[in-house]
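Start at 1 and go down the list; that is how both ligands and their atoms are numbered.
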Amino acid sequence: MRQAGRYLPEYRAVKERYGFFEMCRNPEAVTEVTLQPVRRFDLDAAILFSDIMVPLAAMGVEIDFAPGPVIARPVRTAADVARLRVPEAEEIAPFVAAAIPMVRAATHVPLIGFAGAPLTLAAYLVESGGTAEGFPGFRSWLHQQPGTAHALLDKLTEVTIRYLRTQITAGVHAVQLFDSWAGVHSAAVHARFGQPYAARALAGIGDLSVPRIYFATNAHHLLDQLADLPAEVIGVDWRAPLSAVRPALPGRTLQGNLDPAVLTAAPEVIAEQAREVLRHGIGGPHIFNLGHGIRPDVPPDRVSRLVDAVRSFDREPAAIPGGLR
Ligand SMILES: Cc1c2[nH]c(c1CCC(=O)O)Cc1[nH]c(c(CCC(=O)O)c1C)Cc1[nH]c(c(CCC(=O)O)c1C)Cc1[nH]c(c(C)c1CCC(=O)O)C2
C-alpha cells in the first residue's frame with residue numbers, strides 16, 4: 001500500500017520544492033521519498049514512490065493531480081484510443097528505472113515495484129476525476145462501447161507488462177498490481193473487462209520469477225476470479241477478515257488488511273485491531289499490511305505503534321482463539 005505521503009512532514013517538505021508529477025519524474029526525489037517511511041519506521045519492505053498514472057504520460061495522456069488524477073482530455077472514442085501510443089519499454093518511465101538502483105543502494109529492505117491494473121487505469125482515463133460514486137460514467141461507457149473498451153484495455157495491458165518488466169530488470173524484488181477500483185464492477189463485467197487483462201499483465205512477467213501481488217478493494221464478489229490470477233500474493237482490503245477470504249484463495253499468501261481508518265485511534269486500539277488482523281491471518285501465509293493506503297490525517301507516531309504491535313505478535317498456535325484455524 002501507499003506508505004509515503006502527506007501524513008509525513010518530510011514528504012511535505014519535498015513536495016514544497018516540486019509539483020507531484022515533477023517529484024515522480026526526478027530519480028533523486030523518488031529515491032528520497034521511497035526511503036522516508038523506511039527510515040522512520042521498522043518496516044520489512046519499501047514501496048517505490050510513484051503513481052499508477054505515471055506510465056500513461058508516455059502514451060500521450062496529459063495528467064494532473066488534484067490530489068487525485070485528473071485527465072485533461074478523457075479517452076472516449078475509438079479515435080482517442082487509436083491515438084494512444086504504446087511506447088517501448090525504456091521510454092515509459094526512465095526516471096523510475098534510474099531510481100530503482102539508487103534505492104537498492106541505500107537500503108537493505110526489499111523494494112516493491114508496482115503498476116495499475118488495466119481496468120483501474122481505464123477508469124481514470126475514461127471518466128477522469130472523482131471516484132466517490134464508483135465511476136458511473138466509466139461503467140456506462142463499458143456497455144456503450146465494448147469494442148473500444150477492449151482496444152483500450154489491450155493497449156494498457158501491453159504497456160503495463162513492458163513497464164513492470166523494466167522495473168524488475170532494474171532491480172525491484174516484487175511487484176504489486178493495483179486494481180483499486182475493480183470492485184465497483186459487477187462480477188460479469190469484471191469477468192469480461194477486468195480479470196482477463198489483469199491475468200495477462202501478471203502472466204506477462206511470470207518468466208522473471210519475482211513474487212506478484214494483486215490487490216483490489218471491495219472485491220468479495222470477485223474472489224473466484226481472483227483465485228484464477230497468476231499471482232503469488234493476493235492483497236485484501238479491510239472489509240472481510242482474512243480467515244473468511246482464505247478458503248477462496250487456496251495456496252496464496254494473503255496480504256492485509258487493517259482498516260487505515262484505525263490509525264487515527266488511540267494506540268491501544270490500534271494494537272488490539274492489529275492483533276485481530278494477525279489472528280485471522282494465522283491459517284496460512286500472511287503479510288501484514290493496511291487494507292488500503294495510509295491517509296493524510298494519520299499521526300506518524302501511530303504507525304510506529306502499529307509496527308511495534310505487529311513485531312511483538314506471537315504467531316504460535318496457542319495464540320489462536322478457538323475455532324479460528
Ligand atoms: C488508485 C491509485 C492512485 N495511485 C495509486 C493507486 C493505487 C493504490 C490505491 O488504491 O491507493 C498508487 C500509488 N500512488 C502513490 C504511491 C506511492 C507509494 C509510496 O511511496 O508509498 C502508490 C503505490 C503516491 C501518491 N499518489 C498520490 C499521492 C498524494 C499526492 C499529494 O502529495 O498530494 C501520493 C503520495 C495522488 C493520487 N493518485 C491516485 C489517487 C487516488 C491520489 C490521491 C490520493 C490522496 O488524496 O491522498 C491514484
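More than 12 heavy atoms of other residues, nucleotides or ligands sit less than 6.0 Å from atom CZ of Arg12. The environment of Arg239 atom CZ is dense: over 12 non-hydrogen atoms of other residues, nucleotides or ligands sit within 6.0 angstrom.
Considering backbone and side-chain atoms together, Ala4 places an N or O closer than 3.5 Å to an N or O of ligand 1. Between Gln3 and ligand 1, at least one pair of N/O atoms sits closer than 3.5 Å.
Taking the side chain as every heavy atom from C-beta outward, Leu48 and Ile112 never approach each other to under 4.5 Å. Side chains of Val126 and Leu152 form a contact here, defined as non-hydrogen atoms less than 4.5 Å apart.
At a 4.0 Å cut-off, not a single heavy atom of Val33 sits close enough to ligand 1 to count as contact. Ligand 1 is never approached by Thr217 to a heavy-atom distance shorter than 4.0 Å. Residue contacts with ligand 1 do not include Thr34, since none of its heavy atoms lies under 4.0 Å from the ligand. Using a 4.0 Å cutoff on heavy atoms, Tyr124 counts as a contact of ligand 1.
For ligand 1, the atoms closer than 4.0 angstrom to any heavy atom of Gly68 are 40 (C), 42 (C), 43 (C). Residue Pro67 approaches ligand 1 through these ligand atoms, each under 4.0 Å from one of its heavy atoms: 33 (O), 36 (C), 37 (C), 42 (C), 43 (C), 46 (O). For ligand 1, the atoms lying closer than 4.0 Å to a non-hydrogen atom of Phe49 are 17 (C), 20 (O), 24 (C), 35 (C). Using a 4.0 Å cut-off to heavy atoms of His292, the atoms of ligand 1 that qualify are 9 (C), 10 (O), 11 (O).
When non-hydrogen atoms are compared, ligand 1 lies under 4.0 Å from neither the backbone nor the side chain of Met53. Residue Phe178 touches ligand 1 through its side chain alone, judged by heavy-atom distances below 4.0 Å. Looking at Arg6 against ligand 1, only its side chain comes within 4.0 Å, counting heavy atoms.
Applying the ring-ring contact (aromatic ring centres under 6.0 Å, His included) rule to His190 yields no partners; only residues at least two apart in sequence or on another chain are considered. In terms of the ring-ring contact (aromatic ring centres under 6.0 Å, His included) criterion, Phe41 has no residue partners (sequence neighbours excluded).
For Phe49 and Phe95, the ring centers are positioned 6.0 Å apart or more.
Under a hydrophobic-cluster definition in which Ile, Leu, Val, Met, Phe, Trp and Tyr are linked whenever side-chain heavy atoms come within less than 4.5 Å, directly or via other members, Ile63 and Leu119 are assigned to the same cluster.
Taking the six-membered ring where the residue is Trp, Phe135 and Phe138 present perpendicular rings, their angle passing 60° and hence far from 30°. In this structure, Phe21 and Phe65 have perpendicular ring planes: the angle between them is above 60°, well past the 30° mark.
The heavy atom nearest to atom 32 (O) of ligand 1, out of those in Phe20, Phe114, Tyr11, is found in Tyr11. Checking Ser180, Pro260, Gly113 against atom 10 (O) of ligand 1, the nearest heavy atom belongs to Ser180. Considering only non-hydrogen atoms, atom 19 (C) of ligand 1 lies nearest to Ile47 out of Ile47, Asp179, Leu290. When Ala115, Ser50, Gly19 are checked for heavy-atom proximity to atom 24 (C) of ligand 1, Ser50 turns out nearest.
Side chains of Asp154 and Thr157: no donor on one and acceptor on the other come within 3.5 Å.
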